[in-house]
Protein chains: 2
Amino acid sequence: MAKEKRDNQTEKLVLEAAMKVFTQKGYAAARMDDIAKEANINRALLHYYFRSKDKMFDLIFEQKVKEFFSGLGQIVFSDRKLEDVIREMVKHEITLIVANPYLPLFVLQELQQSPERLLNHAKASGMSPNLILKRFSVLVNDAIRSKTINKIEPGQLLINIMSLCIYPMIAKPVLKSVLELDDKKFDNMMAHRIGQVSEFILLSIKPTSK
Amino acid sequence: MAKEKRDNQTEKLVLEAAMKVFTQKGYAAARMDDIAKEANINRALLHYYFRSKDKMFDLIFEQKVKEFFSGLGQIVFSDRKLEDVIREMVKHEITLIVANPYLPLFVLQELQQSPERLLNHAKASGMSPNLILKRFSVLVNDAIRSKTINKIEPGQLLINIMSLCIYPMIAKPVLKSVLELDDKKFDNMMAHRIGQVSEFILLSIKPTSK
DNA sequence: GTCTATAGGGTGATAGAC
DNA sequence: GTCTATCACCCTATAGAC
């Protein structure tokens, strides 16, 4: 029972351990030994399941990039009006990020080293970032034309939304210190931001002269 | 002339090379050999000037944290009205970051590994992040009381400002791909954002019923 | 101050017993 | 499938000649 029930569960176990170590330390600082210990497993077994550190990393990175981008597509391509789309985007992004605190920094860090990986992986997720922008632009420009919102460049607005959702978690150590929060209070603050950020954005694009 | 004029210039040369390599690759992935080559110098010389990789790193990291935080203090403690303070903050942050593209990701990445370093270094810069927040809160709360702006939590507003300025550079590879920009156009876009972001923020906090 | 050579420790990967 | 032992390489750091 101790040594048998595992089999193909082990692979999953190892992947989770690797995910944790890679995302927290980055590729270069991650040690095969860290991953092995995290999974309560022998170092040699890692190579038995996934030939090399590189192979393991690629597997995880690809999956994480998908997580990072997918979901947005569904929201943007729904038939909701812009205001609700924005609310949904903010809620989706912040929720995802609170559940995966190390994800954004990890993805962005590794992406600097080899930016070309982005396109491949994102496309493999069935929803390219470009498509999302194109659709979002249509929504924004329609809203501008119908005077539902103020004039704003769709690309800038999209950047603003992402920034407001993602950056705070990346800067967690700074913010914890500056705002004098412990981990629990920090998470509460992030949840609180779902409403705050939506309001902040919607107030900004609301037509000035009603 | 080739081997002599250096002397104490070499130290500076090496620090610049180290800064470049460390900020681009992070501590773990940075190689002493990379730094040596970047500085056109022998590997052993690095240890002659700065005993170890760690010592070198600390020196650079401390300086970069200072860059990251200083300047904000002067702006916040000036006598300008909130609107101008915000404009100045945005301009200062984006300008600093465009000039040091790898700085934010580097600082934030290394900060995750050892968050406690933040307080020491930030305080050593003579302007603790906490002080900045305290002062900023006074400005915001005064403006709220005098109906100059809408009600908003000062901490949230500060986070928003930082997010909108810093995140885009961290996500540069993603944005270049999504917005289909080359390096030159990306820098132009960031410069363009100085005005865009200021407007975005000020519109959001502007009193609704004038 | 600057170089070459090398020590010393760590890390990814493999061989081979069970 | 799982383990121990070990190889081969890489990287930091130092010793010592010049």
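So that the names make sense, note that chain A is the first sequence line, chain B the second, and so on, each numbered from 1.
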Could you state the atom-to-atom distance from CD of B:Glu11 to P of C:dT2 in whole Å?
-> 11 Å
Any residue meeting side chain to side chain donor-acceptor pair (under 3.5 Å) with A:Glu199, in chain and number order, not counting sequence neighbours = A:Arg87
N-O pairing of B:Lys176 and B:Asp182 below 4.0 Å = no
Rounding to a whole Å, what distance do you find between A:Gln9:CD and D:dT2:C1'?
-> 16 Å
Could you check how far CG of B:Leu46 sits from P of C:dC3, rounded to whole Å?
-> 11 Å
Quick one: what's the B/S/- string for nucleotides 11-18 of chain D, heavy-atom cutoff under 4.0 Å, read 5' to 3'?
-> SBBB----
Ion pair present between B:Lys12 and B:Glu16, side-chain N to carboxylate O less than 4.0 angstrom?
-> no
Is a side-chain donor or acceptor of A:Ser204 paired with a backbone partner of B:Phe200 at a separation under 3.5 angstrom?
-> yes
Nearest whole angstrom, please: distance from the P of C:dT2 to the CD1 of B:Ile41.
-> 6 Å
Side-chain donor-acceptor pairs of residues 94-108 of chain A under 3.5 Å, sequence neighbours excluded:
{"residue": "A:Thr95", "atom": "OG1", "partner": "A:Lys91", "partner atom": "O", "Å": "2.5"}
{"residue": "A:Asn100", "atom": "ND2", "partner": "A:Leu96", "partner atom": "O", "Å": "2.9"}

Judged by atom type as modelled, is there a donor-acceptor pair below 3.5 Å linking the side chain of A:Asn188 to the main-chain atoms of A:Lys185?
-> no
Nearest-angstrom distance from the residue atom CG of A:Asp34 to P of C:dT11 | 8 Å
Quickly work out the B:Leu45 CG to C:dC3 P distance and round it to whole Å.
-> 6 Å
